[in-house]
Amino acid sequence: MAGEAEHGGSGFNIHPMDQFKVTPLFGGDSVHWYTPTNATLWMLLTVLAITLVMVVGARGRALIPSRAQSAAEVIYGFTRKMVEDVAGKEGMKYFPYILTVFLFILFANLLALLPASFAPTSHIAVTGVLALAVFVTVTAIGFVKHGAGFLKLFWVTSAPTVALRIVLAVIELISYFVRPLSHSVRLGGNMMAGHAVLKVFAGFAGALGLGAIFPIVAIVAVYGLELMVACIQAYVFAILTCVYLNDALHPGH
């Protein structure tokens, strides 16, 4: 048995992290910046799915909407209200950007739940770029709109003493520059953890064969949880973007 397990013969030889490996689409092992990979493919499929639902599905604008049109209208209305509620009327000019970010993460997360798919949002390289883009965008908006007045975001005027205000300013400054890290790790970590758990239970189900009742029930439960997490994480990323945008538009405490 020891020899069998050592050579990978055991049915419990599960490698849940293998599903996150980025591989070239057309063979080989080397991945360069120009190499089409499985991550590239699933990000393109994400863009295609968004286009089909939000553009093709909603272009008819029928009085009695189709399912695709209804889905597009619900997503559009939900995101619009979120931006308006959090960032105010002034933030509505940035609604297209926030809608784009929300749609990409939502559809990427949902497509990653398909069998034999790939989860690009489980990679910090992807979520980090999204978070960094948000960070740079809102920081630029803050300085363009307010100039040096944007620095009021870090100066807590409600603090009773100047010494405490300086301490709080340092804390605020550190927390501000940590935003891209927390913004990206939250999304990537949740997606990676959920898919890894699914792979573990799937490995147990395959190893146990006909006796895999508990792993199968667990897979169904975790899959339902992952479906919810996929939507919630897209929402969390978008609403935090709105919060950061609101800080840039109204930096005073």
- request: May I ask you to test the Met17-Lys199 pair for a side-chain heavy-atom distance under 4.5 Å?
  value: no
query: If you measure from the Lys or Arg side-chain nitrogens to the Asp or Glu carboxylate oxygens, is any gap between Asp85 and Arg80 under 4.0 Å?
result: no
field: Step-by-step side-chain contact (heavy atoms from CB on, under 4.5 Å) determination, Leu151 to Phe143
entry: CA-CA 8 Å; Leu151 297 177; Phe143 278 109; 4.0 Å; yes
Donor-acceptor contact present, side-chain Arg165 to main-chain Thr157, <3.5 Å: yes
field: Worked verdict on Phe150 versus His250 for ring-ring contact (aromatic ring centres under 6.0 Å, His included)
entry: CA-CA 8 Å; Phe150 178 61; His250 313 99; over 10 Å; no
- request: Give a yes or no on whether the backbone of Met192 and the side-chain of His123 come within a donor-acceptor separation of less than 3.5 Å.
  value: no
- prompt: Got Leu111 and Phe118 here, is their nearest side-chain heavy-atom distance under 4.5 Å?
  reply: no
- prompt: Are any non-hydrogen side-chain atoms of Leu130 and Phe104 less than 4.5 angstrom apart?
  reply: yes
- prompt: Should Leu173 and Val134 be counted in the same cluster of Ile, Leu, Val, Met, Phe, Trp and Tyr side chains packed under 4.5 Å apart?
  reply: yes
message: For the NZ atom of Lys89 and the CD atom of Glu84, what is their distance to the nearest 0.5 Å?
response: 3.5 Å
Asn38 side-chain N/O to Val22 backbone N/O, donor-acceptor pair under 3.5 Å: no
- prompt: Any side-chain heavy atom of Leu110 within less than 4.5 Å of one from Leu227?
  reply: yes
query: What is the minimum heavy-atom distance between His183 and Ala131, and which atoms define it?
result: CB-CB, 3.8 Å
- request: Kindly give the heavy-atom pair with the smallest separation between Pro24 and Ser30, and that separation in Å.
  value: CG-O, 3.5 Å
- line: Closest non-hydrogen contact found for Ile124 with Thr127 is CA-OG1, 3.4 Å
Same apolar cluster (I L V M F W Y, side chains within < 4.5 Å links), Val129/Val185: no
Gap separating the CG atom of Leu132 from the CG atom of Leu181, nearest 0.5 angstrom: 11.0 Å
- prompt: Under 4.5 Å between side-chain heavy atoms, hopping through other hydrophobics if needed: is there a path connecting Phe107 to Phe78?
  reply: yes
message: Which residues pass the side-chain contact (heavy atoms from CB on, under 4.5 Å) test with Ser175, not counting sequence neighbours?
response: Glu172
- prompt: Which distance, rounded to the nearest 0.5 Å, do you find between the CD1 of Ile141 and the CG of Asp247?
  reply: 12.0 Å
field: Hphob cluster co-occupancy, Met92 + Tyr244, side-chain heavy atoms under 4.5 angstrom
entry: yes
- line: In short, side-chain hydrogen bond (donor to acceptor under 3.5 Å, both in side chains) pairs touching residues 99-115 with sequence neighbours left out are Asn109-Thr121
task: Applying side-chain contact (heavy atoms from CB on, under 4.5 Å), name anything that partners Val229, two or more places apart in sequence or on another chain.
output: Asn190, Leu225, Glu226, Gln233
field: With Phe95 via ring-ring contact (aromatic ring centres under 6.0 Å, His included) - residues at least two apart
entry: Tyr76
- prompt: With sequence neighbours excluded, what pairs up with Val220 under the side-chain contact (heavy atoms from CB on, under 4.5 Å) test?
  reply: none
- prompt: With side chains defined as the heavy atoms from C-beta onward, is the minimum distance between Leu240 and Arg186 less than 4.5 Å?
  reply: yes
- line: Closest non-hydrogen contact found for Ala238 with Met82 is CB-CE, 3.5 Å
statement: Heavy-atom closest pair (Ile239 atom, Val86 atom, distance to 0.1 Å) is CG1-CG2, 4.0 Å
message: Is there a path of hydrophobic side-chain contacts, each under 4.5 Å between heavy atoms, that joins Met228 and Leu114?
response: no
task: Work out which heavy atom in Thr241 is nearest to a heavy atom in Ile98; give both atom names and the distance.
output: CG2-CG1, 4.1 Å
- request: Any chance you could measure Arg179, atom CZ, to Ser184, atom OG, to the nearest 0.5 Å?
  value: 14.0 Å
task: Go through Phe102 and Ile75 one step at a time and tell me if the side-chain contact (heavy atoms from CB on, under 4.5 Å) criterion holds.
output: CA-CA 9 Å; Phe102 176 67; Ile75 294 173; 4.0 Å; yes
task: Please tell me if the side chains of Tyr94 and Leu99 come closer than 4.5 Å, counting only heavy atoms from C-beta onward.
output: no
query: Roughly how far, to the nearest 0.5 Å, is the SG atom of Cys242 from the CG atom of Leu249?
result: 10.5 Å
Could you list the donor-acceptor pairs under 3.5 angstrom formed by side chains in residues 41-57, with sequence neighbours left out?
| residue | atom | partner | partner atom | Å |
| --- | --- | --- | --- | --- |
| Thr46 | OG1 | Trp42 | O | 2.7 |
| Thr51 | OG1 | Val47 | O | 2.8 |

- prompt: Can you check side-chain contact (heavy atoms from CB on, under 4.5 Å) on Leu106 and Tyr235, steps first, answer last?
  reply: CA-CA 8 Å; Leu106 177 64; Tyr235 170 73; over 6 Å; no
message: Can you tell me how the ring of His195 sits relative to the ring of Phe20, calling it parallel under 30°, perpendicular over 60° and tilted otherwise?
response: perpendicular
- prompt: Using 30° and 60° as the class limits, which term best fits the ring planes of Phe135 and Tyr176: parallel, tilted or perpendicular?
  reply: tilted
- prompt: Which distance, rounded to the nearest 0.5 Å, do you find between the CZ of Phe154 and the CD1 of Ile174?
  reply: 11.5 Å
